[in-house]
Number of protein chains: 2
Amino acid sequence: MVFKNGSSNQVISPQQQYRMIHDIYVLLQDGDSRVLRKFDLTSSQYGLLMLLDLEKGQRLVDLSERLMLARSTITRIVDQLEKRDFVRRVPDPEDRRAQRVILTELGAERREEAHVAHEESLQRRLSMLSDDERRQLSGLLSKMRLALHADLSSIS
Amino acid sequence: MVFKNGSSNQVISPQQQYRMIHDIYVLLQDGDSRVLRKFDLTSSQYGLLMLLDLEKGQRLVDLSERLMLARSTITRIVDQLEKRDFVRRVPDPEDRRAQRVILTELGAERREEAHVAHEESLQRRLSMLSDDERRQLSGLLSKMRLALHADLSSIS
DNA sequence: CAGAAATTGTTGCGCTCGCAACAAATATAA
DNA sequence: TTATATTTGTTGCGAGCGCAACAATTTCTG
């Protein structure tokens, strides 16, 4: 597959813009799973672990919102991580419906190992942009995310 | 979920950059499937249809590469579309292993309907960026895509 | 307060997708 | 040419995910 040179900077159609984001997402995701597979973690499992702490923990519904995954999916990811003793469910003292997910010591260790490798990989794969370009990108993406989220909320 | 204001333009970490792209992809994808559901099409089915024509057609392996989906997945999407008479498999005259997928008249009609709606939706959802910002974004994303693709190729 | 509505987490079910293995055909090597 | 390797498309299988329905709790309303 051959991509056009990035320096042309012509106006692109929404379709092209969309395709580009799609491709980048897939490419990032692919490299990601490669790295995390060494630690027997999926991207979602890793993403969930990264939101946890050793004390207060997080409710499943909050994890669901932050990861943009269905509540049922979170239930299953927590099941998997709990089986491996990376995570524990503890009852929420303030709400008897809720559970709080906390990291175990083992989970914290494994997460740290994966985190180092993931960080290093991302650093390498995203090094094509200068600090200045990264700043630009940051601004543009934030703007998009905000607007897309608002648009979505206005519909559902 | 609350996102930070996009105008701060500070340097962001690779992790944040990654999360932003992830979120935008999910948000775009979500709006997309909403629109396409009205036409009983998934994003992948739609994406595949958009690559076809009425004459020469496309080989499945080429569709696989362009959509970045596994060959087996393409087989199944073509199966689905063929059942609905949107698409036909015809033998490749130059290679007896290959099949060429072509649009039917019906498929072309349905695709056009979906295309109009999809275009309109994308236009609306991506209208938060000015032409100038779009140009910037285009350049940055192309650069990322190129580099990520190169990185991936160097590994596998 | 009582009843209705909303929220939290779980389960069943179905869909999408990738991986590995395969047969048929083609391309490459000796 | 013959033998080997590669490519094309398909299938079986399993993983990941969302939706709808549910019970247990909490919150809202009258």
Side-chain angles (χ1 to χ4, degrees), chain A residues 1 22-23 25-27 29-34 36-37 40-49 57-84 87-102 152 156, chain B residues 1 22-23 25-27 29-34 36-37 40-49 57-84 87-102 152 156:
Chain A
M1 198 171 2
H22 170 267
D23 290 355
Y25 173 75
V26 173
L27 290 167
Q29 179 67 32
D30 188 284
D32 244 47
S33 15
R34 256 169 230 275
L36 295 173
R37 194 175 312 131
D40 264 307
L41 289 172
T42 65
S43 300
S44 298
Q45 290 170 344
Y46 175 74
L48 195 150
L49 283 178
Q58 301 283 332
R59 299 186 314 159
L60 279 85
V61 68
D62 295 330
L63 296 170
S64 164
E65 282 198 10
R66 293 195 56 184
L67 294 172
M68 299 208 258
L69 294 173
R71 291 197 309 273
S72 56
T73 301
I74 300 296
T75 292
R76 284 166 190 129
I77 295 176
V78 171
D79 285 347
Q80 296 161 359
L81 294 173
E82 202 168 27
K83 242 175 239 154
R84 295 167 68 182
V87 129
R88 256 205 340 269
R89 270 182 250 241
V90 298
D92 186 318
E94 297 163 12
D95 186 341
R96 289 193 299 165
R97 290 171 302 183
Q99 311 249 26
R100 293 196 164 268
V101 184
I102 59 174
L152 185 65
S156 59
Chain B
M1 202 171 359
H22 170 267
D23 290 356
Y25 173 76
V26 173
L27 289 167
Q29 179 66 32
D30 188 284
D32 244 47
S33 16
R34 255 169 231 273
L36 295 173
R37 192 176 311 132
D40 264 306
L41 288 172
T42 65
S43 300
S44 298
Q45 289 170 345
Y46 176 73
L48 195 149
L49 284 177
Q58 301 281 335
R59 299 187 313 160
L60 279 83
V61 68
D62 295 329
L63 296 170
S64 164
E65 281 198 11
R66 293 194 55 186
L67 294 173
M68 299 207 259
L69 293 174
R71 292 198 307 276
S72 57
T73 302
I74 300 295
T75 292
R76 284 167 190 129
I77 295 176
V78 172
D79 285 347
Q80 297 162 357
L81 294 173
E82 203 169 26
K83 242 176 238 154
R84 294 166 70 181
V87 128
R88 256 205 340 269
R89 271 181 250 240
V90 299
D92 187 318
E94 297 163 12
D95 187 338
R96 290 193 296 166
R97 288 171 302 185
Q99 311 248 27
R100 291 195 164 270
V101 185
I102 60 174
L152 186 63
S156 60

How many angstroms lie between atom [atom1] of [X] and atom [atom2] of [Y], to the nearest 0.5 angstrom?
X       : Y       : atom1 : atom2 : result
A:Leu48 : A:Leu60 : CG    : CG    : 8.0 Å
A:Asp23 : B:Leu67 : CG    : CG    : 9.5 Å
B:Glu94 : B:Arg59 : CD    : CZ    : 9.0 Å

Would you tabulate the side-chain donor-acceptor contacts of residues 73-81 of chain B under 3.5 Å, counting partners in other chains and residues two or more places apart, or write 'none'?
unit_1	atom_1	unit_2	atom_2	d
B:Thr75	OG1	B:Arg71	O	3.3
B:Asp79	OD1	B:Arg89	NH2	2.1
B:Gln80	OE1	B:Gln45	NE2	2.6

**Message:** On the side chain of B:Ser72, is there an atom forming a donor-acceptor pair with the base of C:dC17 - under 3.5 Å, no angle test?
**Reply:**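 A donor-acceptor contact between them is absent.
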
**Request:** Report yes if a donor N or O on one partner sits less than 3.5 Å from an acceptor N or O on the other, where the partners are the side chain of A:Arg76 and the base of C:dG12; otherwise report no.
**Result:**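 Such a pair is found, so the answer is yes.
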
Nucleotide [N], atom [atom2] - distance to [atom1] of [X] in whole Å:
X       : N      : atom1 : atom2 : result
B:Leu60 : D:dG9  : CG    : C1'   : 7 Å
B:Gln29 : D:dC17 : CD    : C1'   : 12 Å
A:Leu81 : D:dG16 : CG    : P     : 11 Å
B:Leu69 : C:dC15 : CG    : P     : 18 Å
B:Leu67 : C:dC17 : CG    : P     : 10 Å

**Item:** Sole candidate of B:Asp92, B:Asp95, B:Asp62 that passes salt bridge (Lys or Arg N to Asp or Glu O under 4.0 Å) when paired with B:Arg100
**Value:**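 Per the salt bridge (Lys or Arg N to Asp or Glu O under 4.0 Å) rule, the option paired with B:Arg100 is B:Asp92, out of B:Asp92, B:Asp95, B:Asp62.
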
Base, sugar-phosphate, or nothing for [X], non-hydrogen atoms under 4.0 angstrom?
X        : result
B:Arg100 : nothing
B:Gln45  : nothing
B:Ile74  : nothing
B:Glu94  : nothing

Look for any protein N or O under 3.5 Å of an N or O in nucleotides 22-25 of chain D and output each such pair with its distance, or none.
unit_1	atom_1	unit_2	atom_2	d
D:dT25	O2	A:Arg97	NH1	3.4

**Request:** By nearest nucleotide on DNA chain C, pick out whichever of A:Arg37 and A:Arg89 is the more 5' one.
**Result:**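 So the residue in question is A:Arg89.
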
**Prompt:** Is the phosphate of D:dT8, meaning OP1 or OP2, less than 4.0 Å from a side-chain N or O of B:Arg59?
**Reply:**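 B:Arg59 to D:dT8 OP1/OP2: side-chain N or O found under 4.0 Å.
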
**Request:** Evaluate the ring planes of A:His22 and B:Tyr25, with Trp represented by its six-membered ring, and classify them as parallel (under 30°), tilted (30 to 60°) or perpendicular (over 60°).
**Result:**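 Plane angle between 30° and 60°, so tilted.
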
**Asked** Between C:dG18, D:dT10, C:dT11, which nucleotide has the shortest distance from any of its atoms to the side chain of B:Thr73?
**Response**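 The answer is C:dG18, which lies nearest to the side chain.
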
